[in-house]
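Since we're looking at a predicted model, the values are computed, not measured.
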Amino acid sequence: MSRKILLLGGARSGKSSRAEEIASRWFSEEKVYMATYQSGLSEDPEMTERIQLHQDRRDALWTTIE
């Protein structure tokens with residue numbers, strides 16, 4: 001059976017890390033990460049760094065959709 005979980009919250013509220021924690025605990029198969037911001041669109045170095053940190057946390061079982 002396929003499960004889908006939607007986490008909502010404000011900017012920098014911890015949604016990403018919480019979602020990754022839940023998915024890693026509950027799912028052993030491939031996981032899909034729906035990014036709400038596309039990398040490469042911002043000239044803001046802080047945003048670019050945050051995106052990279054998020055990507056670096058996820059292993060090969062994650063597929064990212066931007």
Q: Kindly compute the distance separating NE2 (His54) from OH (Tyr33), expressed to the nearest 0.5 Å.
A: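 Output value for this atom pair is 5.5 Å.
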Q: Does Leu6 reach the side chain of Leu8, with side-chain heavy atoms less than 4.5 Å apart?
A: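 A side-chain contact exists here, since the closest heavy-atom pair is under 4.5 Å.
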Q: Measure the CZ-NZ distance between Arg18 and Lys15 for me, rounded to the nearest 0.5 Å.
A: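 Interatomic distance, Arg18 CZ to Lys15 NZ, rounded to 0.5 Å: 14.0 Å.
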Q: Nearest 0.5 Å, what's the CZ-OG distance between Arg50 and Ser16?
A: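 It comes to 8.0 Å.
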Q: I need the minimum non-hydrogen distance between Ala23 and Lys31, along with the two atoms involved.
A: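 That would be CB-CD, 3.5 Å.
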Q: Which distance, rounded to the nearest 0.5 Å, do you find between the CD1 of Ile51 and the OG1 of Thr64?
A: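 Nearest 0.5 Å value for the CD1-OG1 distance: 11.0 Å.
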Q: For the pair Arg58 and Glu21, find out whether any cationic side-chain nitrogen is under 4.0 Å from an anionic carboxylate oxygen.
A: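 No, no charged N to carboxylate O under 4.0 Å.
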Q: Is there a side-chain contact between Gln55 and Trp62 (heavy atoms, below 4.5 Å)?
A: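 Contact flag for Gln55/Trp62 side chains = no.
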Q: State the OG-CG distance between Ser24 and Asp59, to the nearest 0.5 angstrom.
A: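 So the gap between those two atoms works out to 6.5 Å.
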Q: Is it the case that Glu30 and Thr63 place a side-chain donor and acceptor less than 3.5 Å from each other?
A: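 Glu30 vs Thr63: donor-acceptor pair found between side chains.
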